[in-house]
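Atoms considered below: every heavy atom in the structure, side chains included; atoms not considered: hydrogens, waters and symmetry mates. Numbers here are sequence positions counted from 1.
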Amino acid sequence: MHGKLVHTSPGAKNILDTPLLTAQVTRFKCGGFVLGMTINHCMTDGISAMEFVNSWAETARGISLTIPPFLDRSILRSRQPPNIKYNHDEFLEISDISNMASLYQEDQMIYKSFEFDPAKLARLKKIALEDGVIKSCTSFTVLTALVWRARSKALKMKPTQQTKLLFAVDGRSKFSPPLPKGYFGNGIVLTCCLCSAGELLAKPLSFAVEQVQNSIKVVTESFIRSTIDYFEVTRARPSLTATLLVTSWTRLSFDTTDFGWGEPTQSGCVTLPEKEVALFLSNGKEKGTTLLLGLPVTAMKTFEELIQV
């Protein structure tokens with residue numbers, strides 16, 4: 001049903017057959033409407049996409065752009081010669097020794113959303129801090145850690161199964177000087193955590209939170225430049241076997257876009273791009289976070305039990 005609200009290219013065989021941008025307006029009998037969009041991730045990240053949509057809305061209202069786009073992408077070109085200084089485990093190929101592939105094939109996929117209000121997030125942080133391993137944590141780091149552990153157990157990963165967590169870090173402020181305001185493109189970089197499922201599940205929540213925190217700290221200008229050079233040399237794509245890829249929209253202000261009829265009553269994504277992706281959305285009313293992910297139906301039942309706090 002939701003797929004009908006977005007224009008797609010079902011006959012596309014590769015990225016060259018896919019439009020960079022599509023927009024579809026669907027009007028309802030009640031008088032409301034939906035603006036459905038697709039945008040090619042090779043062209044822009046979520047921050048740039050949000051700025052584009054809000055600029056489009058400002059143009060529709062006849063006002064000046066709050067953030068004019070900066071279109072020179074040469075500032076993030078690869079170096080000559082390339083200088084790869086890091087291991088870049090985000091691209092590491094992992095063997096599926098737990099036979100999770102068969103679980104996805106045999107079970108029906110089910111998608112669910114879970115609400116984490118401020119009270120639940122506060123309880124999670126308290127659990128993560130109680131052993132003194134870490135001194136503080138954010139809602140993003142503790143929720144990411146919780147989902148990584150619960151999903152790994154729900155998929156019945158063997159103790160020796162290597163498991164990887166991937167998530168994007170905004171690199172705009174990591175440069176000296178920072179990327180220009182309104183930089184239109186991909187200013188994010190993937191960082192990762194890597195450990196065995198046995199270690200991840202045997203140790204307390206604080207261990208997973210600390211891994212997330214350390215992966216954020218490693219993202220510097222040097223790391224980002226190395227990542228760009230690594231991709232230029234290898235053209236590799238991150239492996240998603242035994243991997244959780246977290247993407248967060250909690251700081252993307254799609255819910256404030258105003259084309260002249262006021263702010264939208266709801267915003268979000270129609271589908272998740274891959275079965276390994278978990279999405280965090282902002283719950284504006286309660287200032288909490290909504291988690292959206294998909295799992296095989298039997299794994300989802302276990303996952304639901306494990307994230308109760």
Taking the six-membered ring where the residue is Trp, are the ring centres of Phe280 and Phe114 under 6.0 Å apart? no
task = State yes or no: are the ring centers of His88 and Phe231 separated by less than 6.0 Å?
result =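 For His88 and Phe231, the ring centres are not under 6.0 Å apart.
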Do you see a donor-acceptor pair shorter than 3.5 Å between the side chains of [X] and [Y]?
X      : Y      : value
Ser239 : Glu93  : yes
Ser222 : Tyr86  : yes
Thr257 : Trp56  : no
Asp107 : Thr298 : yes

Should [X] and [Y] be regarded as members of a common hydrophobic cluster, given that ILVMFWY residues are connected when their side-chain heavy atoms come within less than 4.5 Å of each other, either directly or indirectly?
X      : Y      : value
Phe140 : Ile307 : yes
Tyr230 : Ile228 : no
Leu165 : Leu306 : no
Val277 : Leu252 : yes
Ile97  : Leu240 : no

When you measure from the side chain of [X] to the backbone of [Y], do you find a donor-acceptor pair of N or O atoms at a distance under 3.5 Å?
X      : Y      : value
Ser98  : Lys158 : yes
Asp229 : Ile84  : no
Asp17  : Lys13  : yes
Gln24  : Lys4   : yes
Thr290 : Ser282 : no
Thr141 : Cys137 : no
Asp89  : Leu194 : no

task: Go through the steps for Arg237 and Phe91 under the test side chain to side chain contact (heavy atoms under 4.5 Å, CB included), then give the verdict.
output: CA-CA 6 Å; Arg237 294 185 63 183; Phe91 297 95; 5.7 Å; no
State the [atom1]-[atom2] distance between [X] and [Y], to the nearest 0.5 angstrom.
X      : Y      : atom1 : atom2 : value
Leu65  : Glu51  : CG    : CD    : 10.5 Å
Ile224 : Glu221 : CD1   : CD    : 7.5 Å
Leu244 : Leu166 : CG    : CG    : 8.0 Å
Gln161 : Ser95  : CD    : OG    : 8.0 Å
Lys85  : Arg225 : NZ    : CZ    : 12.5 Å
Lys126 : Arg123 : NZ    : CZ    : 10.0 Å

Is [X] atom [atom1] crowded by more than 12 heavy atoms from other residues, nucleotides or ligands, each under 6.0 Å away?
X      : atom1 : answer
Gln266 : CD    : no
Arg73  : CZ    : yes
Gln108 : CD    : no
Arg77  : CZ    : no
Asn83  : CG    : yes

[X] versus [Y], closest heavy-atom pair with distance:
X      : Y      : value
Cys192 : Lys164 : CB-CG, 4.2 Å
Leu272 : Leu292 : CD1-O, 3.9 Å
Ser55  : Ile67  : OG-O, 3.7 Å
Gly36  : Val6   : CA-CG2, 4.1 Å
Met300 : Leu295 : CE-N, 3.7 Å
Ser48  : Arg172 : OG-NH2, 3.0 Å

- I would like to know whether Glu58 and Asp258 meet side chain to side chain contact (heavy atoms under 4.5 Å, CB included); could you show each step before the answer? CA-CA 7 Å; Glu58 288 174 335; Asp258 183 1; over 6 Å; no
Taking the side chain as every heavy atom from C-beta outward, state whether [X] and [Y] have any pair of such atoms under 4.5 Å apart.
X      : Y      : answer
Phe303 : Leu155 : no
Thr163 : Arg151 : no
Val25  : Val34  : no
Asn54  : Met50  : yes
Phe167 : Thr247 : no
Met100 : Lys156 : no
Thr44  : Ile39  : yes

TODO: Evaluate the side chain to side chain contact (heavy atoms under 4.5 Å, CB included) criterion for residues Thr160 and Ser196: first the C-alpha distance (whole Å), next the side-chain angles of each, then the deciding distance (0.1 Å), finally the verdict.
DONE: CA-CA 6 Å; Thr160 54; Ser196 70; 6.0 Å; no
request  = For Trp261, check side chain to side chain contact (heavy atoms under 4.5 Å, CB included) against everything at least two apart and list the hits.
outcome  =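 Expected list: Phe33, Phe259.
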Quick one: sort the Phe254 and Trp249 rings into parallel, tilted or perpendicular, breaks at 30° and 60°. tilted
Only pairs under 3.5 Å count here: list side-chain donor-acceptor contacts from residues 201-208, not counting sequence neighbours, and write none if there are none.
residue	atom	partner	partner atom	Å
Lys203	NZ	Glu199	OE2	3.0
Ser206	OG	Asp131	OD1	3.3
Ser206	OG	Asp131	OD2	2.6

For the pair Phe116 and Leu291, evaluate side chain to side chain contact (heavy atoms under 4.5 Å, CB included) and give the outcome as yes or no after the intermediate values. CA-CA 8 Å; Phe116 290 83; Leu291 162 67; 4.1 Å; yes
Under the side-chain hydrogen bond (donor to acceptor under 3.5 Å, both in side chains) test against Thr38, which residue among Thr22, Thr18, Thr8 passes?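 Of the listed options, the one satisfying the test is Thr22.
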*Would you please test Ser139 and Lys125 for side-chain hydrogen bond (donor to acceptor under 3.5 Å, both in side chains) and show each step?*
CA-CA 8 Å; Ser139 295; Lys125 292 176 184 178; 3.3 Å; yes
Less than 3.5 Å apart, which donor and acceptor atoms pair up between the side chains of residues 173-191 and the rest of the protein, not counting sequence neighbours?
residue	atom	partner	partner atom	Å
Asn186	OD1	His41	ND1	3.4
Asn186	OD1	Asp45	N	3.4
Asn186	ND2	His41	O	2.8
Asn186	ND2	Cys42	O	3.4
Thr191	OG1	Ser215	O	2.8

- request: Flag the pair Lys120 and Glu115 as a salt bridge only when some basic side-chain nitrogen lies within less than 4.0 angstrom of an acidic carboxylate oxygen.
  value: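 Looking at Glu115 together with Lys120, the answer is no, because their closest N to O distance does not fall below 4.0 Å.
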